[in-house]
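One-based numbering, in listed order, for ligands and for the atoms of each.
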Amino acid sequence: MLSAILSVALVLHSTCAQGTTSGSSLTNVTNAFSTSQIVPDVVNTFTPDALVNISFTDAVTMENVNVIPGMLLSMEQTAMEPDFFLVSSSSSSGSSANGTLVLALVDPDAPTPQNPTAGQFLHFLGGDFSADPTSGLLTNSSAALMDFFSPSPPAGSDPHRRFFRYVLLVFNQPDAFDTDAPSFVNATTQRNNFNISMFAQDVNLGNAVAGNYFLVGPASNSSASSSQPPLATLTSPSTTPTISPPITGGSPTPSTTSGALSRGTMLNSSQIMLVLAAVVALSVSNLY
Ligand SMILES: *[C@@H]1O[C@H](CO)[C@@H](O)[C@H](O)[C@H]1NC(C)=O
Ligand SMILES: *[C@@H]1O[C@H](CO)[C@@H](O)[C@H](O)[C@H]1NC(C)=O
Ligand SMILES: *[C@@H]1O[C@H](CO)[C@@H](O)[C@H](O)[C@H]1NC(C)=O
Ligand SMILES: *[C@@H]1O[C@H](CO)[C@@H](O)[C@H](O)[C@H]1NC(C)=O
Ligand SMILES: *[C@@H]1O[C@H](CO)[C@@H](O)[C@H](O)[C@H]1NC(C)=O
Ligand SMILES: *[C@@H]1O[C@H](CO)[C@@H](O)[C@H](O)[C@H]1NC(C)=O
Ligand SMILES: *[C@@H]1O[C@H](CO)[C@@H](O)[C@H](O)[C@H]1NC(C)=O
């Protein structure tokens, strides 16, 4: 049904890409990709014909955060896997993004924006997404090629440009994707030094049809840690990561974790499991 609606205005979309009164327009996101240098750092061209929302739930406050392109978020806000929405609007009603989709989230600024020798860091890659005709919610019908890894920018970046870019790209999925893609991204693939443009060429994704991005500051500067130890500290980005989690002693209780993470709010069992999972994930992985 969505594709039927979308196809009606297919001819019109290129001439009315200007946005409407609310939210972000195609022009806004296109301009944002340009001014933030995502073009050309991540992709050579970006001419979206649909909008994609990234919807996070803050791990501490449980508040919803809808990403406006370029929005600065904290590590707490981005700790949990987000929902993605393909947003229909009058400006994108002619979108070609109306079938099965591939989603990729990459960080070109690893290990530091000043010296991104490990970029791109692949935070998520999955195919077989389709949009709910009513809500636009994107749901996958197959397992991700690379599971979501939450943004973990290391502390100590240059103060002049300390925020890391996290770039979501949406592609139309070619028929052979599910058979082709595992040759390039599979269980043995490193997240470091990924190249989404090269991957797109390898599996014939074409250009992205939608995108969005957000920024995350280093742990030492995130909102919940101004007077508290950061969730995790990377002592030297260029060597094997050394983690200094706030939880010490092996058996944390709500009273030992609440100070660092929620400024006095008691954590319940679900939240403690989330924190433990995050600490375990950080201790076995490179950060960024
Ligand atoms: C989109 O761009 C227009 C024109 O520059 C601006 O007025 C508007 O505030 C922008 N919207 C968003 C959500 O950034
Ligand atoms: C998408 O995000 C914008 C903010 O950029 C928000 O105004 C809008 O309600 C969101 N739409 C959906 C369907 O989530
Ligand atoms: C969709 O992806 C999620 C994780 O992102 C995974 O847990 C789930 O199993 C996937 N769905 C299917 C049908 O494979
Ligand atoms: C898995 O991916 C790597 C690239 O990360 C590739 O070199 C390797 O051939 C792939 N393995 C298989 C079995 O396709
Ligand atoms: C990524 O791959 C594209 C296409 O092969 C290439 O033009 C570009 O230089 C590569 N980027 C990096 C950072 O290696
Ligand atoms: C990070 O710290 C700098 C200076 O200490 C401050 O100007 C900036 O607003 C902080 N950013 C965040 C996201 O807290
Ligand atoms: C933990 O707290 C969150 C938000 O405060 C809530 O959504 C969740 O249901 C709670 N879980 C348990 C097991 O109490």
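- The environment of D175 atom CG is sparse: at most 12 non-hydrogen atoms of other residues, nucleotides or ligands sit within 6.0 angstrom.
- Shown are P108, P116, P113; of these, the side chain to side chain contact (heavy atoms under 4.5 Å, CB included) with F164 is made only by P113.
- Ring orientation note: the planes of F149 and H123 are tilted relative to one another, at an angle of 30° to 60°.
- Judged as a ring-ring contact (aromatic ring centres under 6.0 Å, His included), not a single pair has a partner in residues 60-80 (not counting sequence neighbours).
- With a 4.0 Å heavy-atom cut-off, ligand 3 is reached by the backbone of S142 but not by any atom from C-beta on.
- For a threshold of 3.5 Å applied to N or O pairs, the pair formed by D147 and ligand 3 contains no separation below that value.
- Between S142 and the choices D128, D178, T100, the side-chain hydrogen bond (donor to acceptor under 3.5 Å, both in side chains) rule is met once, by D128.
- Contact atoms of ligand 3 toward N140: 1 (C), 2 (O), 3 (C), 8 (C), 10 (C), 11 (N), 12 (C), 13 (C) (distance under 4.0 Å to a heavy atom of the residue).
- For ligand 2, the atoms closer than 4.0 angstrom to any heavy atom of I68 are 4 (C), 5 (O).
- Judged purely by distance below 3.5 Å, without hydrogens or angles, the side chains of T139 and D132 never pair a donor atom with an acceptor atom.
- Of all atoms in ligand 2, listed by their number and element, those nearer than 4.0 Å to a heavy atom of N66 are 1 (C), 2 (O), 10 (C), 14 (O).
- Under the 3.5 Å distance criterion, with hydrogens and angles disregarded, no donor-acceptor pair is assigned to the side chains of N31 and S34.
- Protein residues lining ligand 5, listed by chain and number: N195, M198, Q201 [non-hydrogen atoms, distance under 4.0 Å].
- Using a 4.0 Å heavy-atom cutoff, A144 is absent from the residues neighbouring ligand 3.
- Note on residues 38-74: pairs passing ring-ring contact (aromatic ring centres under 6.0 Å, His included), not counting sequence neighbours, are F33-F46, F56-F214.
- Not counting sequence neighbours, the partners of F199 by the ring pair (Phe, Tyr, Trp, His ring centres under 6.0 Å) test are F194.
- Checked against a 3.5 angstrom limit, the closest N/O atoms of S135 and ligand 2 fall outside it.
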